[in-house]
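Below is one structure, written out as structure tokens, with a few remarks after it.
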Protein chains: 2
Amino acid sequence: MQSRTPVPRVAGRPRSTAADTAILAATREALVELGWSKLTLGDVATRAGVAKTTLYRRWAGKNELVVDAVAELFDELHLPDRGTLAADIEGVVLQFAAILARPEAKSGLMAVVAESVRDDALRDRIRESIVDRQKCLVVEGRARAQARGELPPETDPEEAARTADLIFDVVAGAVVHRTLVSAEPADEDWVRSFTQVLLLGLTSLSAAQSPPA
Amino acid sequence: MQSRTPVPRVAGRPRSTAADTAILAATREALVELGWSKLTLGDVATRAGVAKTTLYRRWAGKNELVVDAVAELFDELHLPDRGTLAADIEGVVLQFAAILARPEAKSGLMAVVAESVRDDALRDRIRESIVDRQKCLVVEGRARAQARGELPPETDPEEAARTADLIFDVVAGAVVHRTLVSAEPADEDWVRSFTQVLLLGLTSLSAAQSPPA
DNA sequence: GTGGTTTCGCTACGAGTCGTAGCGTAATGG
DNA sequence: CCATTACGCTACGACTCGTAGCGAAACCAC
């Protein structure tokens, strides 16, 4: 937790930040045109206008590179404040769906998730740079709804964490499955229906767990 | 739609069915040991005790082979009749979770789904041999619940189809996301919580759509 | 300036995989 | 017996991988 880049830490030629952005952009471009399996690091290097060795100095391989390239797509994900929990959920789910609709996200995200099954370090990298940021939105949205009085406050913090995990898996999983497996758009109508089911389930669950005295 | 294998359609040596089963089993074994990316067709051929050319005569490539190998895992998926909709859902979701917990399913399934983003024929193959069979369980389970009176009968068949698709994406997506992305087991506790939320959402939705006169 | 350090672009390399072709042999049906 | 198809085996060119070596460039401390 020290100031970021107080001085380029050590002597020597600094790494070109322009090369970083060019490489990540070239990676997304190659994902769109070629898809995951036909994407080669040599091709990405050519597109980015850098040498292949430069690429290998910064990333261990295809997996890590694509994770970073895809993670940038999720930077635009923010929790809107539309006044009601239902509207907030619809808004953030639509944002998530819009990102997943992009071909570079479709091609890259599931591929690295599949790879992460046998690579713990990769899984941690995905979790840190992509998943955890999404999960924060769930927690934040619930806190906001509780402040509004739409949801009862949590009693057991452990139970609260489990519920947040459950919601996150349901939301992210449903959108991903709709987009990639069913291969149909998660448009406004779908998101509205989905939000309705989820919200009714959650409120009914809260009512069942803490019945009115 | 003609009888299957009335007689080996044409003259010549028939294909060895033993080779088929050996190859698919070897593919799953290689998926467990090596994962998707390091699985090579030459290695699978060696494990199965067949020549590499035999493999290429039957499958166009790695994608198609793995789809068939993984599809067999879902043969054991059946809808139990436990008396209530909640119990039925819990049962089938637990079965689905058990299959997804196997390393060959984790390694293979998401990888071919990722590939199917850029390969329409592969997507159709996945849908036909894996996805559609699962979706049938949703429709069947709902029909059974309606027969029991747990769910109101459908009025609009188009709306019914949309709802079935939604349920399917929610169920399959949530289990997949829990298993692969969150990397935590979809055990009985989790399935029970998930089923509760889903079921409360669905029944509340039905009540809202067709309010009691 | 000068020296030390790190990055960069470039070329080249062995290793491994891919998908196919060719050949002789085995198993079926007419 | 003969035509036809599948099989095992070997070999092959094409491609990608990840690394090593080189000289030049960019930065810092002195």
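Proteins come first, then strands; the chains are lettered A, B, ... in the order of their sequence lines, and each starts at number 1.
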Between CZ of A:Arg58 and P of D:dG18 the distance, given in whole Å, is 18 Å
Value for CG (A:Leu100) from CG (A:Leu73), rounded to nearest 0.5 Å, stands at 9.5 Å
A:Tyr56 atom OH is separated from D:dG18 atom C1', nearest whole Å, by 5 Å
note: A:Arg57, atom CZ; D:dA25, atom P; distance rounded to Å ~ 16 Å
A:Asp20 atom CG is separated from C:dC8 atom C1', nearest whole Å, by 13 Å
Atom NZ of A:Lys52 and atom P of D:dC15 are separated, to the nearest Å, by 14 Å
Item to check | Salt bridge present between B:Glu154 and B:Arg142 (N-O < 4.0 angstrom) | outcome: yes
- Distance under 6.0 Å and angle within 45° of ring axis: B:Lys106 vs B:Trp36: no
Comparing A:Arg13 with B:Thr53, nearest DNA chain D nucleotide closer to 5' gives the residue B:Thr53
Is there a side-chain polar atom (N or O) of B:Arg15 under 4.0 Å from OP1 or OP2 of D:dA6?
-> yes
Rounded to whole Å, CG of A:Asp43 lies from C1' of D:dT16 at a distance of 11 Å
From CG of A:Leu34 across to C1' of D:dT16 the rounded distance in Å is 14 Å
- May I ask you to verify if any side-chain N or O of B:Thr54 is less than 4.0 angstrom from the OP1 or OP2 atom of D:dG8? yes
note: A:Leu41, atom CG; D:dC17, atom C1'; distance rounded to Å ~ 8 Å
Under a 3.5 Å distance rule, please check whether A:Thr203 uses its side chain to pair with a backbone N or O of A:Leu200 as donor and acceptor.
yes
